[in-house]
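One structure is given here, and the rest of the page talks about it.
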Protein chains: 4
Amino acid sequence: MELGLVGLGKMGGNMRQRIRNGGHTVIGLDHNQDISDATDTADMVGKLTAEGQPRVVWVMVPVQAIDPVVNELAELLSPGDIVIDGGNSRWTDDTRRSALLAEKGIKFVDCGVSGGVWGLENGYALMVGGEAETIATLMPIFTALKPEGDFGFVHAGKVGAGHFTKMVHNGIEYAIMQAYAEGFELLEAADIVDSVPEAFESWREGTVIRSWLLDLMVNALKDDTHLDKIRGYAEDSGEGRWTVEAAIDHAVPVPAIAASLFARFASRQEDSPAMKAIAAMRNQFGGHAVKGAEDPSYATPPQH
Amino acid sequence: MELGLVGLGKMGGNMRQRIRNGGHTVIGLDHNQDISDATDTADMVGKLTAEGQPRVVWVMVPVQAIDPVVNELAELLSPGDIVIDGGNSRWTDDTRRSALLAEKGIKFVDCGVSGGVWGLENGYALMVGGEAETIATLMPIFTALKPEGDFGFVHAGKVGAGHFTKMVHNGIEYAIMQAYAEGFELLEAADIVDSVPEAFESWREGTVIRSWLLDLMVNALKDDTHLDKIRGYAEDSGEGRWTVEAAIDHAVPVPAIAASLFARFASRQEDSPAMKAIAAMRNQFGGHAVKGAEDPSYATPPQH
Amino acid sequence: MELGLVGLGKMGGNMRQRIRNGGHTVIGLDHNQDISDATDTADMVGKLTAEGQPRVVWVMVPVQAIDPVVNELAELLSPGDIVIDGGNSRWTDDTRRSALLAEKGIKFVDCGVSGGVWGLENGYALMVGGEAETIATLMPIFTALKPEGDFGFVHAGKVGAGHFTKMVHNGIEYAIMQAYAEGFELLEAADIVDSVPEAFESWREGTVIRSWLLDLMVNALKDDTHLDKIRGYAEDSGEGRWTVEAAIDHAVPVPAIAASLFARFASRQEDSPAMKAIAAMRNQFGGHAVKGAEDPSYATPPQH
Amino acid sequence: MELGLVGLGKMGGNMRQRIRNGGHTVIGLDHNQDISDATDTADMVGKLTAEGQPRVVWVMVPVQAIDPVVNELAELLSPGDIVIDGGNSRWTDDTRRSALLAEKGIKFVDCGVSGGVWGLENGYALMVGGEAETIATLMPIFTALKPEGDFGFVHAGKVGAGHFTKMVHNGIEYAIMQAYAEGFELLEAADIVDSVPEAFESWREGTVIRSWLLDLMVNALKDDTHLDKIRGYAEDSGEGRWTVEAAIDHAVPVPAIAASLFARFASRQEDSPAMKAIAAMRNQFGGHAVKGAEDPSYATPPQH
């Protein structure tokens with residue numbers, strides 16, 4: 001079938017390739033005209049010409065660019081056409097966008113996409129929300145994108161359910177990564193195990209903790225045994241925050257996911273204001289005793 | 001080669017089978033004479049008759065039974081013989097046991113074993129500590145036990161390093177399980193996704209969070225969609241505690257692993273003494289206001 | 001001066017008394033006519049008759065009742081009059097209510113109130129947001145309400161800043177209570193200290209952890225040494241959740257406050273869905289081994 | 001009465017003064033002869049001459065110096081004499097030291113001391129473990145040291161109970177400090193409140209969170225409004241670690257105390273090895289996409 005695809009970055013570009021590999025026609029649109037198949041949104045929509053079929057446009061742009069694109073599509077598309085938001089949207093925004101498009105009779109589907117740079121080869125896991133009928137129409141595209149096995153696709157529920165499922169996926173991801181990271185730090189610090197990379201590598205088979213993230217960690221350690229070349233700095237993309245917020249809304253304790261999120265926050269601080277406060281209070285009850293610590297006498301540190 | 005194996009429980013029994021499948025001779029010992037190949041430890045040792053080889057005994061018994069068995073073996077074995085502790089020992093105990101056996105010239109190897117009931121079929125992941133020469137002697141046994149692929153075995157370092165590696169493995173395991181568990185609870189509570197089991201199943205391919213534990217979770221949800229049949233009660237086997245303690249020793253922050261351990265502690269409490277204290281303090285500053293809450297007036301809850 | 005006060009529950013009723021003790025006139029309004037000074041909002045506003053002064057109405061009602069009351073006041077008051085929201089409002093709602101009233105020229109002040117049932121006697125701590133001029137007008141009322149010492153009042157900033165400050169206060173409160181609660185549970189569990197209440201009581205002077213909450217905890221332990229009469233169940237009033245959400249918005253790690261919030265969530269669960277998931281996964285890799293645990297043999301628990 | 005006091009550092013020096021203020025005789029010993037009342041331990045013991053009374057020596061030295069001093073005293077003292085360990089000892093060491101001294105008929109008392117540099121003026125909170133009779137003998141000293149009010153002293157139980165109580169006190173202290181610290185950071189980051197120091201100061205009366213630590217925090221903010229002059233670096237003195245370890249031993253969840261401890265660990269790291277691991281894994285699934293982030297196109301960040 002035929003598909004317009006807005007956004008040909010690292011994700012969108014590879015997805016265009018994988019959909020084409022599946023035998024479909026993709027009209028890609030990007031600001032970068034070197035890789036774009038259309039000059040602008042109207043041109044892209046105009047090139048979707050399959051008769052008797054709804055026009056389908058997949059939006060694969062950064063979060064802040066989604067609304068402008070959806071607004072344009074609301075003007076350009078016709079009743080019965082379909083817009084898919086495959087971006088990192090907050091699931092609560094899906095309802096609003098769906099309602100906007102519904103005013104023009106345009107269908108909306110939200111799709112959480114997982115897979116990163118490995119998706120082109122391995123397939124992308126898709127978590128989809130929307131009406132069953134609309135999703136049935138889109139199945140050839142989803143089938144082209146998803147991994148070849150039995151899994152990697154779910155129609156999670158109504159509009160928003162796709163991004164909600166993806167959000168929880170990422171919350172889980174944060175805590176799993178934190179799990180390996182804490183284990184790594186402990187192995188490094190304890191200095192009991194001869195080769196931390198070999199320990200991680202050995203875990204790839206037979207253990208309870210074998211996983212794809214473990215495989216990635218093993219790869220990373222091959223390049224850089226003690227991770228000397230990398231800074232302990234991690235962004236968070238929104239889903240982790242939203243997961244904790246959704247958990248709070250539903251009174252669900254998520255201590256491991258929250259700990260993972262907070263660890264990322266802390267990783268981006270040059271100095272911790274909270275720990276300044278701790279140090280300040282300690283100094284208040286220890287008084288000038290800090291000087292006493294240099295005293296070569298029996299001097300005890302201030303007790304408190 | 002030839003091996004004595006003390007302890008034929010769920011782990012030891014299957015391991016005897018897998019080692020025999022590898023073409024080796026195993027003299028198993030168990031209190032249960034129906035499954036035992038020897039009447040007692042002396043009988044087992046006596047049946048190890050391969051000429052020109054050291055006698056090798058694998059101890060696969062519960063933690064509290066390890067010292068008695070090792071003490072017996074210290075009396076029965078000869079210089080050059082080898083004892084392997086495959087149990088859930090704290091790594092700090094390995095040094096002590098190794099020293100005890102070394103007085104008699106007996107070698108000691110610690111071996112963390114992962115794989116559970118799936119080990120018979122898939123192989124057991126082995127994390128081994130001890131002298132290189134001793135481990136070389138044991139490789140045929142390790143090879144029979146480990147998975148068939150490239151991974152699942154590591155000589156982690158000197159005595160204790162095997163159990164230390166296994167301990168960290170289990171700490172990581174705790175936090176990964178907690179990650180999926182928190183995601184499960186949030187999906188259930190939010191009630192946005194039509195089928196939580198289908199969401200989990202879809203994650204088995206293409207996602208960042210695909211793993212063996214995810215596969216197990218999917219299996220569990222097949223039997224019991226909302227886990228209605230199971231209580232939220234989880235034991236901890238020691239390694240999780242030791243991981244946090246080792247982290248504390250080395251000043252390593254392990255918030256996600258600790259959160260997972262604490263969640264298990266809490267799961268076993270009928271009521272939480274800490275939360276009693278919280279409720280008691282709240283009651284103190286809310287005073288008789290609790291009655292006011294039933295008041296059909298504009299009455300505000302006590303503010304604090 | 002003169003004040004209308006909507007809501008004469010445990011907080012509002014005592015506040016009326018304390019303001020009157022300060023020599024001011026209060027027209028209280030409550031659904032309960034036995035304690036109300038007016039029949040309805042219009043009647044209350046009509047009774048505010050001081051010439052040459054703006055009419056001032058303090059709203060002290062549950063969160064869900066604030067908007068209806070504010071809407072009524074928007075109709076009944078005149079330009080230059082003042083509305084104070086003293087309830088447990090989310091600070092983000094203050095801007096909206098302020099804007100609504102500003103359309104009619106009515107001023108708005110938000111005021112976080114702390115003190116609980118002790119406020120009548122000790123005074124209420126007030127955290128206020130709004131324009132300096134408006135707050136200057138209200139100072140006689142604030143002075144009557146606040147404690148007699150140098151502290152207990154802050155003009156925190158513009159509209160919303162009062163409730164924001166109160167929100168952070170409550171977030172801190174959660175974690176301080178959790179601190180004592182964890183200490184209590186550990187002392188009880190360890191059974192090393194002869195009398196946990198005496199230990200707590202001794203901390204009231206000379207220690208680093210002396211505080212008003214400690215005093216309350218000591219009171220609670222006097223009535224109920226082991227807190228046997230109380231359930232480990234704690235509500236949360238909103239501010240704790242909002243604190244964590246605000247922290248997430250600003251990428252501030254708040255592990256202790258979040259842990260305290262999650263402990264409250266957990267305290268209200270009959271069973272933990274997350275821990276069901278943990279138990280389910282453990283069962284999957286332990287398989288039928290659970291039976292083996294009853295085996296009087298050397299059987300090891302399943303290792304993983 | 002008469003007391004030998006080993007260690008005249010910031011704590012011991014002030015304690016000597018406060019005990020003397022109480023009308024007692026103190027023979028202080030310190031490596032620094034300028035402040036010492038005796039040349040060595042034998043000299044100090046020799047100067048304790050009160051007839052008909054047991055000799056009493058208070059040991060107030062750093063943790064690593066306690067055993068040597070106790071060993072010396074075991075040689076120098078006589079049956080019936082008393083040694084008090086007032087240092088930051090792990091409570092599990094008390095039993096060992098008590099047994100050592102008991103062999104010579106010497107009594108042992110452990111005493112956790114709180115109060116810091118404020119103790120000289122306000123008194124020291126004392127948490128004491130040992131036999132009732134011995135403690136009765138020491139009450140004049142304890143009375144001189146403790147605050148003047150009704151609180152600040154507890155005979156917590158047998159040997160070890162004093163240091164155990166002090167340990168839990170410090171664990172609670174960690175989490176209370178963390179509570180204020182997180183609130184401080186959030187107020188600073190949100191930039192909604194005009195003056196964070198004024199907000200903290202207002203909390204000193206009428207609020208639920210008023211405390212001595214709050215008073216100290218207010219003091220600290222007076223000197224340094226945004227804590228610009230101080231690094232976010234905090235040591236931990238042992239008790240926090242032991243509290244978490246004791247909690248683990250008793251299966252007590254202590255999420256807030258543990259979070260506070262981990263925050264201190266993290267404050268001392270230049271870079272976080274765990275966060276390096278997180279960054280490394282993220283890089284693995286984002287692949288070369290990092291370059292794509294500079295692309296001025298619709299390029300999405302890698303999704304995962």
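Within every chain, numbering begins at 1; the chains are lettered A, B, ... in the order of the sequence lines, protein sequences first and strands thereafter. Here the structure is a predicted model, which is why all the values come from computation and not from measurement.
With chain A as partner, the option from B/Gly123, B/Ala263, B/Ala189 having the largest number of non-hydrogen pairs under 4.5 angstrom is B/Ala189. Counting heavy-atom pairs closer than 4.5 Å to chain B, the top-ranked of the candidates A/Ala251, A/Ser195, A/Gly183, A/Ser260 is A/Gly183. Heavy-atom pairs under 4.5 Å with chain B were tallied for A/Gly152, A/Gly119, A/Gly157, A/Gly129; the largest tally goes to A/Gly152. For the set B/Phe184, B/Phe262, B/Phe164, the count of heavy-atom pairs under 4.5 angstrom toward chain A peaks at B/Phe164. When each of B/Gln178, B/Met167, B/Glu148, B/Glu185 is checked for heavy-atom pairs under 4.5 Å with chain A, B/Glu185 comes out on top. In terms of heavy-atom pairs under 4.5 angstrom with chain B, the leader among A/Ala258, A/Ala181, A/Pro147 is A/Pro147. When B/Asp249, B/Asn122, B/Leu214, B/Leu213 are compared by the number of non-hydrogen pairs under 4.5 Å with chain A, B/Leu213 comes out ahead. Chosen from A/Ala190, A/Ala246, A/Gly171, the residue pairing most often with chain B at heavy-atom distances under 4.5 Å is A/Ala190. Note on A/Thr165, A/Leu216, A/Asp215, A/Asp191: by heavy-atom pairs under 4.5 Å with chain B, the leading option is A/Thr165. Taking A/Ala256, A/Ala175, A/Ala259, A/Ser211 one by one and counting their heavy-atom pairs under 4.5 Å with chain B, the maximum is reached by A/Ala256.
Both the backbone and the side chain of B/Tyr180 come within less than 4.5 Å of a heavy atom in chain A. For B/Pro255, the parts lying near chain A are the backbone and the side chain together; criterion is any non-hydrogen pair under 4.5 Å.
For the atom pair B/Ile172 CD1 and A/Ile209 CD1, the distance stands at 4.5 Å (nearest 0.5 Å). With rounding to the nearest 0.5 Å, the separation of OG in B/Ser202 from NE2 in A/His169 is 8.5 Å. One distance of note links NE2 of B/His163 with CD1 of A/Ile192; it measures 13.5 Å at 0.5 Å rounding. Taking NZ from A/Lys166 and CH2 from B/Trp203, the interatomic distance works out to 11.0 Å, rounded to the nearest 0.5 Å.
Within 6.0 Å of CD in A/Glu131 there are 12 or fewer heavy atoms belonging to other residues, nucleotides or ligands. Counting non-hydrogen atoms of neighbouring residues, nucleotides and ligands closer than 6.0 angstrom, the CD atom of A/Glu245 exceeds 12 such neighbours.
A pairwise comparison of heavy atoms in A/Ala179 and B/Ile176 identifies CB-CG1, 3.8 Å as the closest pair. Residues A/Leu186 and B/Val168 approach most closely at CD2-CG2, 4.0 Å, considering heavy atoms. Between B/Ser114 and A/Val208, the shortest heavy-atom distance links the atoms OG-N, 3.4 Å. In terms of heavy-atom proximity, B/Asp150 sits nearest to A/Glu205 at N-OE1, 3.1 Å.
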Go through the steps to decide whether A/Thr207 and B/Phe151 satisfy the test side-chain contact (heavy atoms from CB on, under 4.5 Å), and finish with yes or no.
CA-CA 10 Å; A/Thr207 68; B/Phe151 313 115; over 6 Å; no
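In terms of modelled atom types and a separation under 3.5 Å, the side chain of A/Glu182 and the main chain of B/Pro253 share no donor-acceptor contact.
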